[in-house]
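Worksheet: one structure, shown below.
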Amino acid sequence: MRKIAVFLSLLGLLILGCSKQGTEPEPQKESRPVAEQVPADIRAILNQHAITDENLPDHLEFPTSDWTVPSLTDTSYEIFVVTFLWGHLFNTPVANAAATDWSGNLYVNGVAYVGVAGVIDFERGEDSLVRTNNPAMAAWVSLTSGDFDGLVAFVFLKKGIVYITAPQLHFTTPPFSISFNFEELVNFSALYNVDNVNSVAVLARRIWPPRCPQGLLVGEWTKADIPGDSGYFNGTWMEANGAPLGIFAGRFWTTDNHERVFDGTISGVMLTVVIGYMRGVWYYDDPRDCILCGSGHGKFRGVYKMVAPNTPAAGVIEGEFGDFSLPVEQLNLPLKGTWRQFCPHFDDNTTPSE
């Protein structure tokens, strides 16, 4: 009986030990660095270098990779601009400040492009960007000693990708690392104190792509005769606000197959150098029905292509000519229309949700 009691006692201790082992809590994950409000003087530095909807660059350089990157009008991506400052951000002098190595990277664990739009206070021979073989990563070498460095980066995050783990933006350096969900970066700013000397400041926001360039066409459609099977047209190529961008001119005619087509050129406002070409189709929609009537109003639609070195672009043109109130013998008809540039993956319904 005593042997049975001892056995039961040992069995109980064994079960109790297994129970404790199974319920032992997992080690706690390292908590995220504490964010503080950005002081006004540091915010001023961030704002000085930040990029917004109002000062978007015409051209982006991505020195950290050799890939062809998306444009700011490519709405198949969510676009963010992030500004980082690191080092001694405050103006209080620091005696005998030791050098801090901030060499690191900024990357996305997803389908994305990360490119540096500008560096802040990088010193030649000490600080530099580093090329990578990953389009979703930018990298750099940076040392600070009583001063600070920083960079401004564009982040293009591809839409429509299903992830097991949601993509994040990771800022990684030896003294400090942090990761951000992209929902945070729509409008974000924070200061992180690393030690008694160094800090990291962040300013981020989402950029909403501008709508595709578009504008107005105003001119004259001149028929060769009253039936109006052929003739010529000309006018002014304008911005949406009416500012002139160029002059257009061309001819329209009816082919042997009874197709009504037009073609023309676009030139500069001051110079006669050709900067683009246009072509398309046209037709009359004048309901007046008689032998000499029915050519007092019509519509046109076509395409254009710019060939100037600094402004290669293409798009659609459409509009109308004539006026139902004009007499049927009127040969010079008013012309008005619009032009709109093609933009990759552009969607007219893409607007800010805020």
Side-chain angles (χ1 to χ4, degrees), residues 53 55-63 65-77 79 113 115 117 154 156 207 209-224 230-255 257 259-283 298-321 332-348 350:
D53 290 333
N55 68 341
L56 291 174
D58 296 328
H59 179 69
L60 299 180
E61 292 288 348
F62 283 70
S65 68
D66 297 320
W67 291 272
T68 300
V69 298
S71 71
L72 290 174
T73 55
D74 189 340
T75 55
S76 67
Y77 291 85
I79 307 174
Y113 285 88
F154 275 87
F156 292 79
I207 292 292
R211 291 188 174 272
C212 282
Q214 55 188 306
L216 306 174
L217 306 174
V218 177
E220 193 171 68
W221 183 275
T222 303
K223 301 183 295 182
S230 64
Y232 60 91
F233 60 89
N234 57 70
T236 305
W237 189 282
M238 303 178 180
E239 293 185 26
N241 61 6
L245 291 174
I247 303 297
F248 66 88
R251 63 190 183 99
F252 62 91
W253 71 96
T254 304
T255 71
N257 295 327
E259 295 176 338
R260 290 179 165 175
V261 295
F262 71 85
D263 65 19
T265 59
I266 308 165
S267 59
V269 176
M270 303 300 296
L271 301 175
T272 58
V273 177
V274 173
I275 61 174
Y277 295 92
M278 56 199 299
R279 60 182 175 83
V281 297
W282 60 277
Y283 63 91
K299 295 182 179 180
F300 64 90
R301 180 176 175 83
V303 295
Y304 72 89
K305 183 177 182 180
M306 295 298 188
V307 295
N310 296 328
T311 58
V316 296
I317 54 175
E318 59 184 337
E320 60 181 332
F321 52 84
N332 300 328
L333 305 177
L335 177 154
K336 61 181 180 180
T338 60
W339 61 269
R340 191 177 78 173
Q341 181 177 316
F342 293 132
C343 291
H345 310 290
F346 184 78
D347 179 0
D348 279 331
T350 300

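Residues take their numbers from the sequence shown, with the count starting at 1. Note: hydrogens, waters and symmetry copies are ignored here, and every other heavy atom, side chains too, is used.
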Could you pull out all donor-acceptor pairs under 3.5 Å where a side-chain atom in residues 239-255 meets a protein atom, sequence neighbours excluded?
unit_1	atom_1	unit_2	atom_2	d
N241	OD1	A243	N	3.0
T254	OG1	D229	O	2.9
T255	OG1	N257	N	3.3
T255	OG1	E259	N	3.0
T255	OG1	E259	O	3.4

(request) List for me each residue that meets side chain to side chain contact (heavy atoms under 4.5 Å, CB included) alongside L216, sequence neighbours excluded, and say none if there are none. (result) M238, T338
(request) Report the residues that fulfil salt bridge (charged side-chain N to carboxylate O under 4.0 Å, His left out) with R279, sequence neighbours left out, ordered by chain and then residue number. (result) none
(request) Taking ring-ring contact (aromatic ring centres under 6.0 Å, His included) as the test, write out the residues that go with W339, two or more places apart. (result) W237
(request) Using a 4.5 Å cut-off on heavy atoms from C-beta on, say whether the side chain of F154 contacts that of I79. (result) yes
(message) For V261, is there any backbone N or O sitting under 3.5 Å from a side-chain donor or acceptor partner on W282?
(response) yes
(message) Quick check for you: to the nearest 0.5 Å, what is the distance between I317 atom CD1 and Y304 atom OH?
(response) 9.0 Å
(message) F262: which residues meet the ring-ring contact (aromatic ring centres under 6.0 Å, His included) condition with it, sequence neighbours left out?
(response) F233
(message) Nearest 0.5 angstrom please: T222 OG1 to N332 CG, how far?
(response) 4.0 Å
(message) As an exercise, state the distance from CZ of R340 to CD of Q214, rounded to the nearest 0.5 Å.
(response) 6.5 Å
(message) Using 30° and 60° as the class boundaries, would you call the ring planes of F300 and W221 parallel, tilted or perpendicular?
(response) parallel
(message) Using 0.5 Å steps for rounding, measure from the CE atom of M306 to the CD1 atom of I266.
(response) 4.0 Å
(request) Apply side chain to side chain contact (heavy atoms under 4.5 Å, CB included) to K336 and list each qualifying residue two or more places apart in sequence or on a separate chain. (result) E320
